[in-house]
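Residue numbering restarts at 1 for every chain, and letters A, B, ... go by the order of the sequence lines. Values reported hereafter were calculated over all heavy atoms of this structure, with side chains retained and with hydrogens, waters and symmetry mates removed.
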2 protein chains.
Amino acid sequence: MRASRGEGVSVPAQHTRDGGTPRRHQTAARSARPTGHDVADAAGVSQATVSLVLGGKWEGRVSPRTAEAVRAAARTLGYRPNLAARTLRLGRTRTALLVVPALTGEFFAAVHQGAVEVATSHDFGIVLYPSPEGIEKTPDPFASARTALDGVIASSMAPDALATLRGEGLPLVMLDSDEGDCDATVNVDIADGMRQVAAHLLALGHRDVAHLAADVDSWTFTARAEALAHALRAGGGAVVRTERAALSVAGGLDAATRVLAPGSARTPTAVVCDDDLLAAGALKAARRLGLRVPEEVSVTGFDDLTLATAVEPELTTVALPAQRVGAAGMEALLAVVEGRPPRPVRLPVRLLERGSTGPRP
Amino acid sequence: MRASRGEGVSVPAQHTRDGGTPRRHQTAARSARPTGHDVADAAGVSQATVSLVLGGKWEGRVSPRTAEAVRAAARTLGYRPNLAARTLRLGRTRTALLVVPALTGEFFAAVHQGAVEVATSHDFGIVLYPSPEGIEKTPDPFASARTALDGVIASSMAPDALATLRGEGLPLVMLDSDEGDCDATVNVDIADGMRQVAAHLLALGHRDVAHLAADVDSWTFTARAEALAHALRAGGGAVVRTERAALSVAGGLDAATRVLAPGSARTPTAVVCDDDLLAAGALKAARRLGLRVPEEVSVTGFDDLTLATAVEPELTTVALPAQRVGAAGMEALLAVVEGRPPRPVRLPVRLLERGSTGPRP
DNA sequence: CTGAAAGCGCTAACAA
DNA sequence: TTGTTAGCGCTTTCAG
């Protein structure tokens, strides 16, 4: 444990023009962060000049010499502008709210990462609103934000929280959603991903496939189901069975066990899963039923999580550009905020053929 | 796409006492968020009274009737206080910075979750600083914070970024670290976890174990190595080989392949991994080398990630209370901020015996 | 019991 | 080229 704080933070000598007078209204000896005023005093200029110089809009209004003096003073004092004051003055915060279903789950962690990267490079901040679990505890997304917001980036997986977000008149970017009531959209070409899965399976001779559908009510999953059914039908195959599954390994295991258990008339030769978690469960189910993958049954995943290459056999799955989703979302929001017209983004996906799929037995 | 924003957000009729006079200095017809002043006007009281009532410190200073009137007005106007103004006035933000090595990875996602939960229940906010990747892009953690901070919660895995954090005189809580230079610590009983692993393995008859050590320079991993070596030695076994591995499935695969490849004098009968990712890799290595797990070689993980039960056989591993780490961290920070003495926290861990370990062959 | 007023640190219009 | 000034919305004495 270190000693009490506040002590020992040496405040540079006061360069006040009027001598050693301490800062106005300074009540105690508490060391405080230097303000623009302190910098002004140190540089021998007015506080407004400091604001201009440090705000980068001094060209033609302040002499280069004074500007440099100000910057030097700011540097030696360790000056950092007070964001709260700036925000209060400007009414804008350069902060966006990212609404996602908890960070647990690589996908949204990567989305966050992508959004943060472009945000910081544009001097923006991101605050997170983990929607689903926390929603009872934080009914108001804005309360959790702890600051006014300049915009919202929301994933489709939080339809409940979105109602609150609307009507605030804030710029709203939707990720992975068919929602039209927003200022911009960033989509992943989910349908194409499922088409690639279907094509891959059809090419391997499969005609009877089971679909493990994630038991989550969001656009992305309904889109997956539709695209799969459509692509299969067009290719002469069919979904012989759709089984809903909780979005977890255990959920996949249960559902796949039901699907693969002997007894049905038409048993599937391939199991298409909405998510790698489900696919991992399907692998376990197959193993427990004595079915070899891919020799006796093929399994596909979706998302290309770390899991996908951790299991054996490694999953044939669809890789989603999660990070780029976040980046594109933030870029779209910046465009809206700055009055530029954002064009809708649709990001491509890629099927990764690995060991969990093979020719129809 | 929806229509332009700002329109249609009906501002409730002005209840100004002096008639229809618009708000002072209102330049245009822009609809704005109602301020405390607006509420005051609507309730027929002064703005100061509004502040008192809504701040919950009105008892004995404002009559219950006026208080209720104020609350009613605030409600109908949809008033939400301006955080920036409050912050500027108070100098405190009720916001903490959480420094973690990117959110990718369930462990820190759960830590974040836990911290957010206790934070929000105490009207605190959390902002994230993903240290390792982002560090080149955001050299200054405080810049990324976009607001003044009331405190910092930092994980041991970001020793580089911590230098910057120190000396700010901010309350600092360290997670999972032996760092003494802070105001409070929250630790997971890593050593005990490794002791449990060692005891489990020794009980199964293993005497020669290999250690796949994560190639990450942080306290938690050195602690794991030490605890393992110590516990094994005390029980009559030994680490016959330590192999450093990149912290990924592929890294575990590589390292385990080197460790398990035939040819060594004393070949390990068990592989203890610093992390479930490595253990998953070890499983793959064993399979490729034709070694059956757990019949011919035992494998243990650490962390109990989702992965642990997705692979086959399921991993014997140590479950860490990630969420409680975050929660305890935030609680400790609250204590420090409020001047209460935080007591160091050491959270227990639990060995989960699953299918990847068995008797020595 | 309630109102008036100061001022947190900053930006931007306006003066000099 | 630089300084003065008026607030942004809120909390908090201090008067009434």
Side-chain angles (χ1 to χ4, degrees), chain A residues 17 23-28 30 32-70 73-74 77-94 146-148, chain B residues 17-18 23-28 30 32-70 73-74 77 79-94 146-148:
Chain A
R17 283 187 296 176
R23 303 230 328 281
R24 55 222 160 107
H25 295 272
Q26 182 124 3
T27 42
R30 284 232 326 107
R33 251 173 60 174
T35 73
H37 230 106
D38 298 329
V39 176
D41 288 351
V45 298
S46 86
Q47 188 267 338
T49 306
V50 172
S51 186
L52 284 182
V53 171
L54 269 31
K57 41 192 67 166
W58 57 278
E59 310 254 28
R61 325 229 258 135
V62 176
S63 72
R65 283 232 335 281
T66 4
E68 187 43 49
V70 167
L77 289 184
Y79 170 73
R80 268 180 302 107
N82 181 320
L83 255 306
R86 190 211 293 282
T87 295
L88 180 56
R89 181 64 238 256
L90 296 183
R92 288 166 300 103
T93 54
R94 300 194 76 75
R146 307 212 52 71
T147 174
Chain B
R17 282 186 298 174
D18 47 345
R23 304 227 326 279
R24 53 217 162 114
H25 295 273
Q26 180 123 7
T27 41
R30 284 230 330 108
R33 250 173 63 173
T35 75
H37 230 104
D38 298 330
V39 176
D41 289 350
V45 298
S46 86
Q47 188 266 339
T49 306
V50 172
S51 185
L52 251 18
V53 172
L54 268 31
K57 37 192 69 166
W58 58 278
E59 310 254 26
R61 321 227 261 139
V62 175
S63 74
R65 282 232 336 280
T66 12
E68 186 44 49
V70 167
L77 289 185
Y79 171 72
R80 266 178 305 109
N82 181 321
L83 255 306
R86 187 211 295 280
T87 295
L88 180 56
R89 181 66 237 258
L90 296 183
R92 288 166 299 102
T93 53
R94 300 194 77 75
R146 306 212 53 71
T147 174

*Positions of residues 59-70 of chain B (non-hydrogen atom under 4.0 Å from DNA chain D), listed by number*: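 Under 4.0 Å from DNA chain D: no residue of residues 59-70 of chain B.
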*asked:* Treating B:Asp41 as the side-chain partner and B:Asp38 as the backbone partner, does any N or O pair qualify as donor plus acceptor under 3.5 Å?
replied: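 Checked: no pair found.
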Select one nucleotide: of [options], the one nearest the side-chain heavy atoms of [X].
X	options	value
A:Leu90	C:dC10, C:dA12, D:dC10	C:dA12
A:Thr35	C:dG9, C:dG3, D:dG3	C:dG9
A:Ala48	C:dG9, D:dC10, D:dG3	D:dG3

*For B:Ala69, enumerate each residue passing the side chain to side chain contact (heavy atoms under 4.5 Å, CB included) test, keeping only those at least two apart in sequence or located in another chain.*
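Listed in chain order: nothing, the list is empty.
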*Name the nucleic acid region contacted by A:Gly91, choosing base, sugar-phosphate or nothing; use a 4.0 angstrom heavy-atom cut-off, strictly under.*
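No contact at all - A:Gly91 keeps every heavy atom at 4.0 Å or more from the nucleic acid.
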*Mind listing the residues from residues 49-58 of chain B sitting with a heavy atom below 4.0 Å of DNA chain C? Number order is fine.*
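Those residues are B:Thr49.
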*If each of A:Arg92 and B:Leu88 is mapped to the nucleotide of DNA chain C with the nearest heavy atom, which maps nearer the 5' terminus, i.e. the 5' end?*
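Nearest-nucleotide comparison on DNA chain C picks B:Leu88.
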Side-chain donor/acceptor pairs under 3.5 Å, residues 48-65 of chain B, sequence neighbours excluded:
| residue | atom | partner | partner atom | Å |
| --- | --- | --- | --- | --- |
| B:Thr49 | OG1 | B:Ser46 | OG | 3.3 |
| B:Ser63 | OG | B:Thr66 | N | 3.3 |
| B:Ser63 | OG | B:Thr66 | OG1 | 2.3 |

Rounded to the nearest Å, what distance is computed from the [atom1] atom of residue [X] to the [atom2] atom of nucleotide [N]?
X	N	atom1	atom2	value
B:Gln47	D:dG9	CD	C1'	7 Å
A:Asp41	C:dC10	CG	C1'	15 Å
A:Leu83	C:dC10	CG	P	10 Å
A:Asn82	C:dC10	CG	C1'	8 Å
A:Arg86	D:dG9	CZ	C1'	18 Å

_Could you report the tightest heavy-atom contact between A:Val39 and A:Ala74, atom names first, then the distance?_
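So the two residues come closest at CG1-N, 3.8 Å.
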_Could you report the tightest heavy-atom contact between A:Gln47 and A:His37, atom names first, then the distance?_
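It is CG-N, 3.8 Å.
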*asked:* For the CG atom of A:Asn82 and the OG1 atom of A:Thr35, what is their distance to the nearest 0.5 Å?
replied: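 A:Asn82 atom CG to A:Thr35 atom OG1 measures 9.5 Å (nearest 0.5 Å).
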